[in-house]
Amino acid sequence: MINLSKKLLRRVGQTNAKYKMFERGDKILLALSGGKDSMSLAHVLKHFQSVSPLDWEFRAVTVTYGIGEDLREISAHFKEHEIPYEIIDTKIFEFGKEKIRANTTFCSFCSRMRRGYIYSYALEHGFNKIAIAHHLDDAAESFFMNFTFNGALRTLAPRYVAENGLVIIRPFILARERQIAACARDNKLPIMREEEVCPARQYGGKEPTARAATKELLAQYEKTHPRFFISLQAAFANIHEETFFEPKF
């Protein structure tokens, strides 16, 4: 039996109340990598679907990269817990080896290709929303990476509409990574190891280091200032546009 912490459920409940994650008639597609975050989100979605007064449905789907991923344990787990699940097999890894220049990362290419497959599947099968398991730590890392390396102030929106009309939702966006890790650990969820699902580790090019460095930096900030993430979450919703350098403000 899956035991979901009240604190994690409360975070998702707050996110749902504020950003309308789950609405009547929704058909939600969960982009499932097989990591701790998306595996935990599958069970959280199952919980909210079971207690919601609204009628909505969801399905989890995994896009493989063609690197020999073994998803049998995850498939069996979802069958046991009656969570609809499908696998989309691709040759993204082979395509990448042909198209990616030497000494560059596989990450952006894989992300674009995977997103394309997810979007196409959603549109073909009548889904109106895509759920992604990004959490508050991901949002913080994205924010710091963008202004450090890209010269932009941007992060991960709880909810937004893609150009193709699909609504992207992030039910975990107010939750901390450690809460989700505890959920996966306490419930002994079958988790794919990074080396099993990351094409960059099998590719002879450059592995990404910016995110790992940013994660370490933020951990140091939080160690010095324990309320750092609480303040950062508040800041994401407290934007003073007139104080920036853009003329239109």
Do [X] and [Y] belong together in a cluster built from hydrophobic side chains that touch within less than 4.5 Å?
X      : Y      : result
Leu9   : Leu189 : yes
Phe78  : Ile2   : yes
Leu217 : Leu156 : no
Leu174 : Met21  : no
Ile173 : Ile28  : no

Would you give the length of the straight line joining atom [atom1] of [X] to atom [atom2] of [Y], rounded to the nearest 0.5 angstrom?
X      : Y      : atom1 : atom2 : result
Tyr19  : Arg170 : OH    : CZ    : 12.0 Å
Met145 : Leu218 : CE    : CG    : 10.5 Å
Lys36  : Ile180 : NZ    : CD1   : 7.0 Å
Asp138 : Arg176 : CG    : CZ    : 11.0 Å
Leu30  : Lys46  : CG    : NZ    : 13.0 Å
Ser120 : Arg115 : OG    : CZ    : 11.5 Å

Short side-chain to backbone donor-acceptor contact, [X] and [Y], under 3.5 Å:
X      : Y      : answer
Thr62  : Ser33  : no
Ser231 : Phe228 : no
Gln220 : Glu216 : no
Asp186 : Lys188 : no
Asn146 : Ser142 : yes
Lys129 : Phe58  : no
Ser38  : Ala133 : no
Ser50  : His47  : yes
Asp55  : Gly25  : no

Whether over 12 other heavy atoms sit under 6.0 Å from [X] [atom1]:
X      : atom1 : answer
Lys27  : NZ    : yes
Glu246 : CD    : yes
Tyr221 : OH    : no

Discussion item. Please determine whether salt bridge (Lys or Arg N to Asp or Glu O under 4.0 Å) holds for the pair Arg227 and Glu222, giving the CA-CA distance in whole Å, both sets of side-chain angles, and the decisive distance to 0.1 Å.
Written reply: CA-CA 7 Å; Arg227 293 182 59 83; Glu222 187 172 25; over 6 Å; no
If you compare all heavy atoms of [X] against all heavy atoms of [Y], which two are closest, and at what distance to 0.1 Å?
X      : Y      : result
Phe48  : Gly13  : CZ-N, 3.7 Å
Ala140 : Thr155 : N-OG1, 4.5 Å
Glu23  : Asp26  : N-OD2, 2.6 Å
Trp56  : Leu45  : CH2-O, 3.5 Å

Worksheet item: Relative to the ring of His77, is the ring of His43 parallel (under 30°), tilted (30 to 60°) or perpendicular (over 60°)?
Response: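 Perpendicular: the ring planes of His43 and His77 meet at over 60°.
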Given side chains that start at C-beta, do those of [X] and [Y] come closer than 4.5 Å, heavy atoms only?
X      : Y      : result
Leu41  : Pro171 : yes
Tyr85  : Ser75  : yes
Ile132 : Ile168 : yes
Ile118 : Leu29  : yes
Asn164 : Leu123 : yes
Tyr121 : Glu86  : yes
Ser40  : Gln179 : no
Met192 : Leu71  : yes

Practice prompt. Report the C-alpha distance between Asn3 and Asn187 in whole Å, list the side-chain angles of each, state the deciding distance to 0.1 Å, and finish with yes or no for side-chain hydrogen bond (donor to acceptor under 3.5 Å, both in side chains).
Written response: CA-CA 7 Å; Asn3 182 27; Asn187 289 291; 5.8 Å; no
Item to complete: Give the C-alpha distance, both sets of side-chain angles, the deciding distance and a yes or no for salt bridge (Lys or Arg N to Asp or Glu O under 4.0 Å) between Glu82 and Arg59.
Response: CA-CA 10 Å; Glu82 298 181 335; Arg59 181 188 305 170; over 6 Å; no
Discussion item. If you take the centroid of each ring, where Trp contributes its six-membered ring, are Phe236 and Phe143 closer together than 6.0 Å?
Written reply: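 For Phe143 and Phe236, the ring centres are under 6.0 Å apart.
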Worksheet item: With a 6.0 Å cut-off on ring centres, are Phe249 and Phe244 close enough?
Response: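 When the ring centroids of Phe249 and Phe244 are compared, they turn out to be at least 6.0 Å apart.
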Worksheet item: So does Glu241 pair up with Lys248, basic N to acidic O under 4.0 Å?
Response: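 The answer is no: the pair does not qualify as a salt bridge.
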Discussion item. Let's go through Glu177 and Lys215 carefully: what are the C-alpha distance in whole Å and the side-chain angles of both, what is the deciding distance for salt bridge (Lys or Arg N to Asp or Glu O under 4.0 Å) to 0.1 Å, and is it a yes or a no?
Written reply: CA-CA 11 Å; Glu177 182 175 18; Lys215 184 181 286 288; 3.0 Å; yes
Discussion item. Set out, in order, the CA-CA distance, both residues' side-chain angles and the distance that settles side-chain contact (heavy atoms from CB on, under 4.5 Å) for Asn128 and Val167, then state yes or no.
Written reply: CA-CA 6 Å; Asn128 66 308; Val167 178; 5.6 Å; no
Practice prompt. Show the numbers, then the answer: is there a side-chain contact (heavy atoms from CB on, under 4.5 Å) between Phe149 and Phe144?
Written response: CA-CA 8 Å; Phe149 301 106; Phe144 275 80; over 6 Å; no
Item to complete: For Leu136 and Phe172, run side-chain contact (heavy atoms from CB on, under 4.5 Å): C-alpha distance rounded to whole Å, both residues' side-chain angles, the deciding distance at 0.1 Å, then the answer.
Response: CA-CA 7 Å; Leu136 184 59; Phe172 275 164; over 6 Å; no
Item to complete: Please lay out, stage by stage, how Asp137 and Phe229 fare under the test side-chain contact (heavy atoms from CB on, under 4.5 Å).
Response: CA-CA 8 Å; Asp137 295 65; Phe229 273 86; 3.9 Å; yes
Fill in: Audit row: Glu57, Arg24, salt bridge (Lys or Arg N to Asp or Glu O under 4.0 Å) steps and yes/no
CA-CA 9 Å; Glu57 61 182 282; Arg24 190 183 305 277; over 6 Å; no
